[in-house]
Amino acid sequence: MFSRQVRITIDAPPEAVFDYVSDFTQHPEWSQAPMSVQVSDGPIAPGWTFQTHGEGKWAKVSAKGTVTAYQRPSLITYRIDAVTDRTYV
């Protein structure tokens, strides 16, 4: 299983930072590769889903993810359930 943890210091209230990072519709703003995100309705909670479509240097990838834990303002985890499309360019 792949796991990634990153720590940085940001001069902002924890709730504001958490809300921004956990808002999947904002991910294209800070993604290294062009991407789009569609999210399920309702508030983020375990079981909430999202779909991503991205284009990197060598491939186009679509994937479906599910939030597995959510505790505002300190924890969000998710898993990618399925890579629904992978096209090498």
Side-chain angles (χ1 to χ4, degrees):
M1 172 183 7
F2 174 79
S3 179
R4 182 173 188 178
Q5 183 176 31
V6 177
R7 292 179 186 254
I8 61 172
T9 301
I10 300 172
D11 187 19
E15 294 82 6
V17 175
F18 184 85
D19 290 346
Y20 178 76
V21 171
S22 65
D23 180 353
F24 286 79
T25 65
Q26 302 296 327
H27 286 201
E29 290 184 15
W30 47 272
S31 174
Q32 292 179 359
M35 70 178 299
S36 64
V37 179
Q38 290 80 41
V39 299
S40 60
D41 292 332
I44 298 175
W48 186 85
T49 61
F50 59 94
Q51 181 86 24
T52 64
H53 307 280
E55 185 171 337
K57 190 173 183 178
W58 294 285
K60 296 179 183 179
V61 177
S62 295
K64 180 181 177 189
T66 302
V67 171
T68 55
Y70 183 81
Q71 296 174 358
R72 183 180 184 270
S74 60
L75 173 72
I76 184 169
T77 62
Y78 60 90
R79 74 173 179 267
I80 301 300
D81 298 314
V83 175
T84 56
D85 180 41
R86 180 173 290 165
T87 306
Y88 295 95
V89 291

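Just so it is clear, the structure is predicted and the values come from calculations on it, not from any experiment.
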Thr49 side chain to Ser40 backbone, donor-acceptor under 3.5 Å: no
Under 3.5 Å: donor-acceptor pair, side chain of His27, backbone of Val21: yes
For [X] versus [Y], what's the shortest heavy-atom pair and its separation?
| X | Y | answer |
| --- | --- | --- |
| Pro46 | Ala69 | CG-CA, 4.2 Å |
| Ile80 | Ala63 | CG2-CB, 3.7 Å |
| Ser22 | Ile44 | O-CD1, 3.0 Å |

Using the side-chain hydrogen bond (donor to acceptor under 3.5 Å, both in side chains) criterion, which residues pair with Glu29? Sequence neighbours excluded.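 Checked Glu29 against side-chain hydrogen bond (donor to acceptor under 3.5 Å, both in side chains); matches are Tyr20.
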Thr68: partners by side-chain hydrogen bond (donor to acceptor under 3.5 Å, both in side chains), with sequence neighbours left out: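 Once residues adjacent in sequence are excluded, the partners of Thr68 under the side-chain hydrogen bond (donor to acceptor under 3.5 Å, both in side chains) criterion are Thr77.
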Can you see whether His53 engages Ser36 through a side-chain donor-acceptor pair at a distance of less than 3.5 angstrom?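 On atom types as modelled, these side chains do not qualify, holding no pair under 3.5 Å.
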Take the angle between the ring planes of Tyr78 and Phe50 and call it parallel below 30°, perpendicular above 60°, tilted in between.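 The arrangement is perpendicular - the two ring planes meet at more than 60°.
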Report yes if the side chains of Asp41 and Trp48 come closer than 4.5 Å at any heavy-atom pair, otherwise no. no
Can you tell me if CZ on Phe18 sees more than 12 non-hydrogen neighbours from other groups inside 6.0 Å?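 Check passes, neighbour count above 12.
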Pair listing, salt bridge (charged side-chain N to carboxylate O under 4.0 Å, His left out) test, anchored in residues 11-26, at least two apart: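 Every salt bridge (charged side-chain N to carboxylate O under 4.0 Å, His left out) pair that includes a residue of residues 11-26, provided the two are not neighbours, is Asp19-Arg72.
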Tell me whether Ile10 shares a hydrophobic cluster with Trp30, the cluster being built from Ile, Leu, Val, Met, Phe, Trp, Tyr side chains joined at under 4.5 Å.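 Linked within one cluster.
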Would you give the length of the straight line joining atom OG of Ser62 to atom CE of Met35, rounded to the nearest 0.5 angstrom? 10.0 Å
When rounded to the nearest 0.5 angstrom, what is the spacing between CD in Gln51 and NZ in Lys64? 7.5 Å
